[in-house]
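Here, residue 1 is the first one in the sequence, and each next residue gets the next number.
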Amino acid sequence: MKKINKGYKVFISYKYKDSSVWQLPDRKDVELGSTTARNYVDIIQEYFEDSSHINKGEKDGEDLSDFKEDTIASKLRDKIYDSRVTIVLISPNMRNMIEDEDDQWIPWEIRYSLREPTRGGRTSHRNALLGVVLPDVYAHYSYAVRDNHCGTCSCVNYPLTNSFSILKELVLNRKTPNLKEDCIYSKRIFQYPHSYMHMVKWEDFLSDIDKCLDEAVQVSESACEWNMPKLNV
């Protein structure tokens, strides 16, 4: 395993208990049929040479409704403030559809990742966002990434089924798309990079984590090119 020795500090946002993901077959630390998004976080940690460069989001049993807004802020502020990249693990049931989005951790974690707070005279710039799409129980990615291969431009859609609205706002949000009349799926085609939240499939992420992190950071440095969501924090 090639270890990552990047200077980036990383915050990982994920749905702890989402078990609607591909079951990891070769993990001694995971019982058969019990894989959740949390187990994918363990794999990411193993690739980092310095695990202190990683902070993790939601913990098991932390119900957001148990906390007041200032408590949520204090929990996230220190975790995210000095990180450079927020990795969002996209999983099929990351969003509880019967609860309000503001009662779930991930939207809060994303909003805090995009803030630019000042502390001690130093301003922390908004984080780069890297959306890593986990395979579903059938090892498919089409719930979040759909390769159309229309024959003219090999375009890709990001339906992000059951995802949070703030994540959808961060995909295909470039201000100046190219218009392509011969695509049979969509006339609005975005030149790469097309999204502030750089999107990759899990298998592609593992094949070159360094490259994925670098590309996400590069995208984040062109702030004026993106239609960014309004932050209510």
Side-chain angles (χ1 to χ4, degrees), residues 8-21 36-42 44-45 52-119 122-134 143-144 158 160-173 195-199 213 216-217 219-220 223 226-233:
Y8 306 136
K9 286 195 174 182
V10 170
F11 178 82
I12 304 179
S13 180
Y14 60 98
K15 179 61 179 175
Y16 192 102
K17 291 183 177 180
D18 192 355
S19 59
S20 56
V21 292
T36 68
R38 178 64 180 83
N39 299 119
Y40 284 84
V41 176
D42 293 335
I44 295 173
Q45 286 182 291
S52 68
H53 279 205
I54 296 180
N55 261 322
K56 300 181 290 294
E58 177 192 18
K59 294 181 180 179
D60 189 20
E62 278 195 327
D63 185 351
L64 192 63
S65 62
D66 293 338
F67 302 115
K68 295 181 179 179
E69 189 169 322
D70 56 350
T71 306
I72 297 169
S74 66
K75 281 179 168 288
L76 295 178
R77 194 179 293 122
D78 290 338
K79 281 187 174 184
I80 296 175
Y81 176 77
D82 64 348
S83 61
R84 183 67 186 90
V85 182
T86 294
I87 296 176
V88 185
L89 294 188
I90 310 293
S91 56
N93 290 318
M94 66 189 303
R95 177 184 175 186
N96 184 334
M97 302 300 288
I98 63 174
E99 288 186 6
D100 190 277
E101 289 194 25
D102 281 341
D103 291 331
Q104 301 178 60
W105 278 107
I106 292 175
W108 282 90
E109 292 165 353
I110 302 309
R111 288 197 290 267
Y112 267 85
S113 296
L114 295 175
R115 292 174 74 238
E116 296 185 300
T118 299
R119 181 185 295 182
R122 174 178 171 265
T123 298
S124 173
H125 295 293
R126 67 164 63 113
N127 276 13
L129 287 183
L130 177 60
V132 178
V133 182
L134 303 183
Y143 72 93
Y158 297 94
L160 290 172
T161 307
N162 291 350
S163 188
F164 295 99
S165 58
I166 191 169
L167 295 184
K168 294 178 182 180
E169 290 183 67
L170 290 161
V171 173
L172 300 181
N173 62 326
S195 306
Y196 185 84
M197 183 172 68
H198 186 63
M199 294 280 288
L213 290 172
V217 169
V219 166
S220 72
W226 311 100
N227 292 311
M228 301 298 287
K230 293 181 178 179
L231 305 178
N232 298 319
V233 292

Atom [atom1] in [X], atom [atom2] in [Y]: separation rounded to 0.5 Å?
{"X": "Tyr40", "Y": "Gln45", "atom1": "OH", "atom2": "CD", "answer": "15.5 Å"}
{"X": "Met94", "Y": "Ser163", "atom1": "CE", "atom2": "OG", "answer": "4.5 Å"}
{"X": "Ser113", "Y": "Met197", "atom1": "OG", "atom2": "CE", "answer": "11.5 Å"}
{"X": "Leu114", "Y": "Lys230", "atom1": "CG", "atom2": "NZ", "answer": "15.0 Å"}
{"X": "Trp105", "Y": "Asn96", "atom1": "CH2", "atom2": "CG", "answer": "15.5 Å"}
{"X": "Leu213", "Y": "His198", "atom1": "CG", "atom2": "NE2", "answer": "9.5 Å"}

Q: Report the C-alpha distance between Ile110 and Leu167 in whole Å, list the side-chain angles of each, state the deciding distance to 0.1 Å, and finish with yes or no for side-chain contact (heavy atoms from CB on, under 4.5 Å).
A: CA-CA 8 Å; Ile110 302 309; Leu167 295 184; 3.8 Å; yes
Within the distance-only criterion (no hydrogens, no angle test), does the side chain of [X] pair as donor or acceptor with the backbone N or O of [Y] below 3.5 angstrom?
{"X": "Asn173", "Y": "Asn227", "result": "yes"}
{"X": "Trp226", "Y": "Ser195", "result": "no"}
{"X": "Glu99", "Y": "Gln104", "result": "no"}

Side chain to side chain, [X] and [Y], heavy atoms closer than 4.5 Å:
{"X": "Ser13", "Y": "Leu89", "value": "no"}
{"X": "Arg84", "Y": "Val10", "value": "no"}
{"X": "Leu160", "Y": "Met199", "value": "yes"}
{"X": "Val133", "Y": "Tyr143", "value": "yes"}
{"X": "Leu170", "Y": "Met228", "value": "yes"}
{"X": "Arg111", "Y": "Asp102", "value": "yes"}

Any side-chain donor near an acceptor of the partner, [X] and [Y], under 3.5 Å:
{"X": "Glu101", "Y": "Ser165", "value": "yes"}
{"X": "Asn127", "Y": "Ser83", "value": "yes"}
{"X": "Asn93", "Y": "Ser20", "value": "yes"}

Q: Please test Glu109 against Phe11 for side-chain contact (heavy atoms from CB on, under 4.5 Å), starting from the C-alpha separation and ending with a verdict.
A: CA-CA 9 Å; Glu109 292 165 353; Phe11 178 82; 3.8 Å; yes
Q | Ser91/Tyr14 under side-chain contact (heavy atoms from CB on, under 4.5 Å): CA gap, chis, key distance, verdict | A | CA-CA 8 Å; Ser91 56; Tyr14 60 98; over 6 Å; no
(Q) If you apply the rule side-chain contact (heavy atoms from CB on, under 4.5 Å), what do you find for Thr86 with Leu130, and how did you get there? (A) CA-CA 6 Å; Thr86 294; Leu130 177 60; over 6 Å; no
Q) Of all residues at least two apart in sequence or in a different chain, which pass the ring-ring contact (aromatic ring centres under 6.0 Å, His included) check with Phe164? A) none
Q: For Ile90 and Ala144, work out which heavy atoms get closest and say how close.
A: CG2-CB, 4.0 Å
**Q.** Nearest heavy atoms of Ala128 and Ala216, plus distance in Å
**A.** CB-O, 3.3 Å
Q.
Assess whether a salt bridge exists between Arg95 and Asp18, defined as any Lys/Arg side-chain N lying under 4.0 Å from an Asp/Glu carboxylate O.
A. no
Q. Quick one: side-chain hydrogen bond (donor to acceptor under 3.5 Å, both in side chains) partners of Thr161, sequence neighbours excluded?
A. none
